Amino acid sequence: MTPSGLVTWPEDRVTAYRLRGHWRGRTLGSLVTSWADCYGSEVAVVDDRRQLTYLDLAAEVDVLAERLLGLGLRPGDSIVVQLPNCAEFVVLMLACARVGVVPTMMLTAHREHELTHIARHVTAKAIAVPGRVHGYDHQALARRVAADCDDLRHVLVAGEGVEPGHVDLRKLMSPDSQTWERRNRLDALAPDASDVALFLLSGGTTGVPKVIPRTHNDYEYAARHSARVCGFDRSTVYLVALPAAHTFPLGSPGLLGTLMNGGRVVLVPSPRPEVAFEAIATHRVTVAAAVPAVVQRWIESSESAEWDLSSLRLLQVGGSRLSRELAMRIRPALRCALQQVYGMSEGLLNFTRLDDPAEAVVSTQGRPMSADDEIRIVDEHGRQVEDGDAGELLVRGPTTIPGYFRVPEHNAECFTADGWYHTGDIVRRHSSGNLVVESRVKDVINRGGEKIHAEEIEDVLNRMPQVARAAAVAAPHRELSEVVCACVVLEAGQSITLEEIRDYFDASGMAAFKFPERLEVLDEMPLTPVGKIRKQSLRELAAGMRTLRQVEEVGA
Ligand code: OOB
């Protein structure tokens, strides 16, 4: 059973995707048992506490699935999942899939503002958190969120010191003897493959939360087919160093694509070079996924590192634009092949292919995974541009959602009547046939791969008593590519510092990666003739290209 408020694909495309064998009618939960049958005592999942074979994984998934039902959770109910990279994350996500409970994937960096907003939007019945991470008390956070969300009844904790009233997730998943009866019972309860398997988040949590419902059918296809494109097989040892809740390491092909092929998933809590390199050396990792900001640090550290990285065959890079210059340094420094991944949680996945010419691999962001991904590159009037010209990318296909969850008015803006999703990315087609991402039209700041909606930052800035009017734009940053720049006009007689702004964001319960890192105090907001804030002028100002006076003169 799927939660209401869901936009579904039109019947003709459903039929086509089934007939072509993309959508197989298999739920993610049902895969776990077939993996156990195929790969049995091979190691499936490794984290810093333990390792699980495929048989262990299936046993824990089944036990947890049944106990989730025992807590009163029902098919279609959602659990907000805020777990770091650990085996419990994998077991919980698959246990949910086994019985049709829907995990909503949040980041450990998220705080009260994000968690409460999203928990309410999906009517979450439970929240899963770690104990402490870097000294931060997630149980206290979960308690505050639960107090603000009427439907949220259970706090599940994967960690030490589980507090009274909270549920110990590790105990909940510890298997008794695995019985065929349980397996059969759960098989009989399996959800429909066209139901929602998980909710992903798109960047911000503005007034209109963009929660992305991914069905079993489409997510299973994305992971399975992308694993084929990326050459995953039984020898694949895949490193999850980015947050596992992000669709890149989760299902593009990520940990799911690895498990589907009988490979091994290694989870580490952070992409820091010393942590990732130790895991690569210890577990003989063959494939890793990273964002450009992480690649930069890995390359810099590889020169002085004493770790043996010789097992690494493929580095997948995506999430934000990889410069050609950085791309060129990957093979000499890390001695592995590069694959660029231009994807989106909304579904479409583009990859450079393993046999693409070297030039296309370093200078393009790849092409769609599926032969049935339809793409159009259009100008501002929605007309197709000349081949090779830049325009906005529109897409529809077997992995691209037909709408966000419970936001009909917003869907009318982001999707055309005939189902094309406006990606907001400006792309052009390269002579190789691959796509190059040039810029974007949507008002998003891409901080090292984390997407931040400008509007969300502006809402907080505008609440500050010192601020008369505010705008948030991207300021360029050498490593992270972009950071948040707050542009403010002050109330008469007021002053403000970046420190004060950051403290205010902290007190508002915002995730730290959204805190402004640059501040421009302006006498007046540059406006367009219709009175909208002229963001382009502010971006140029934040880039230190011109003074505002010059910008106004030029841009008037
Ligand atoms: C991935 O997913 P999201 O949902 O966090 O962000 C999607 C947006 C894209 O629309 C684009 O603006 C940007 O992130 N992006 C890239 C890129 N990959 C994503 N921009 C330039 N170059 C790239 N290679 O970021 C995501 C999802 C699945 C796989 C990989 C990344």
Side-chain angles (χ1 to χ4, degrees), residues 1 3 27-36 44-45 47 49-84 86-106 119 122-131 138-139 142-143 145-146 149 151-191 195-199 216 244-245 259:
M1 202 175 66
T27 65
L28 298 179
S30 73
L31 299 177
V32 185
T33 42
S34 39
W35 301 338
V45 178
D47 72 5
R49 286 176 62 244
R50 56 201 194 118
Q51 67 180 38
L52 298 180
T53 66
Y54 280 89
L55 283 168
D56 298 333
L57 180 65
E60 295 202 8
V61 164
D62 276 8
V63 167
L64 180 59
E66 207 159 64
R67 292 183 183 159
L68 289 176
L69 297 178
L71 286 176
L73 292 165
R74 290 291 164 258
D77 285 352
S78 183
I79 301 188
V80 167
V81 177
Q82 187 196 39
L83 291 180
C86 57
E88 290 86 354
F89 174 93
V90 182
V91 176
L92 177 57
M93 132 144 207
L94 294 169
C96 286
R98 194 94 168 89
V99 289
V101 170
V102 185
T104 302
M105 300 301 184
M106 309 281 302
V122 300
T123 343
K125 301 284 167 56
I127 180 168
V129 291
H138 285 264
Q139 289 195 71
R143 209 182 279 283
V145 172
C149 299
D151 299 284
L152 211 161
R153 290 191 303 268
H154 304 285
V155 175
L156 315 178
V157 183
E160 309 297 323
V162 178
E163 290 168 14
H166 293 174
V167 180
D168 186 334
L169 190 57
R170 288 180 185 156
K171 271 200 199 137
L172 210 60
M173 62 180 61
S174 76
D176 43 21
S177 57
Q178 158 80 336
T179 59
W180 283 97
E181 289 77 35
R182 177 184 290 124
R183 180 169 167 166
N184 291 337
R185 271 200 306 275
L186 289 167
D187 285 347
L189 293 175
D195 288 352
V196 178
L198 69 165
F199 285 130
H216 293 271
L259 295 173

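Being a predicted model, the structure only gives us computed values, none of them experimental. By convention here, the first residue in the shown sequence is residue 1.
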Legend entry - Short N-O contact, Arg182 and Asp176, less than 4.0 angstrom: yes
Legend entry - Nearest atoms (heavy-atom pairs only) where Leu92 meets Ala128: CD2-CB, 3.6 Å
Legend entry - Heavy-atom closest contact (Leu198 atom, Val102 atom, distance): CA-CG1, 3.8 Å
Inset, instruction - Identify the two heavy atoms, one from Pro191 and one from Thr27, that lie closest to each other, and give their separation to 0.1 Å. - result: O-CG2, 3.2 Å
Legend entry - Note, Glu88 side chain near Asp47 side chain (heavy atom, < 4.5 Å): yes
Legend entry - Check: Glu66 and Asp62 side chains under 4.5 Å, non-hydrogen atoms: no
Legend entry - Which atom of Ala44 lies closest to which atom of Leu259, heavy atoms considered: O-CD2, 3.6 Å
Inset, instruction - Taking all non-hydrogen atoms of both residues into account, name the closest pair between Leu83 and Pro130 and its distance. - result: CD2-N, 3.7 Å
Inset, instruction - Report yes if the side chains of Thr33 and Leu186 come closer than 4.5 Å at any heavy-atom pair, otherwise no. - result: no
Legend entry - Leu94 side chain reached by Trp35 side chain, heavy atoms, under 4.5 Å: yes
Legend entry - Identified side chain to side chain contact (heavy atoms under 4.5 Å, CB included) counterpart of Ser78 within the set Asp151, Val101, Thr104: Thr104
Legend entry - side chain to side chain contact (heavy atoms under 4.5 Å, CB included) between Leu68 and Leu156, worked out: CA-CA 10 Å; Leu68 289 176; Leu156 315 178; 4.2 Å; yes
Inset, instruction - Evaluate the side-chain proximity of Met93 to Leu28: yes if any heavy-atom separation is below 4.5 Å, no if none is. - result: yes
Legend entry - Minimal non-hydrogen separation, Ala119 against Cys149, with atom names: CB-SG, 3.8 Å
Legend entry - Whether His154 side chain and Leu71 backbone form a donor-acceptor pair below 3.5 Å: yes
Inset, instruction - Check whether any side-chain heavy atom of Val145 sits under 4.5 Å from a side-chain heavy atom of Val80, and report yes or no. - result: no
Legend entry - Close side-chain approach of Val157 and Leu169, heavy atoms under 4.5 Å: no
Inset, instruction - Flag the pair Leu189 / Leu69 as yes when at least one side-chain heavy-atom distance between them is below 4.5 Å, and no otherwise. - result: yes
Legend entry - Inter-residue atom distance Leu64.CG - Arg170.CZ, 0.5 Å rounding: 13.5 Å
Legend entry - Exam field: side chain Asp56 to backbone Thr53, donor-acceptor pair closer than 3.5 Å: yes
Legend entry - All salt bridge (Lys or Arg N to Asp or Glu O under 4.0 Å) counterparts of Arg143, not counting sequence neighbours: Glu163
Legend entry - Backbone of Ala87 reached by a side-chain donor or acceptor of Glu60 within 3.5 Å: no
Inset, instruction - List the steps and the verdict of side chain to side chain contact (heavy atoms under 4.5 Å, CB included) for Val91 and Leu52. - result: CA-CA 10 Å; Val91 176; Leu52 298 180; 4.0 Å; yes
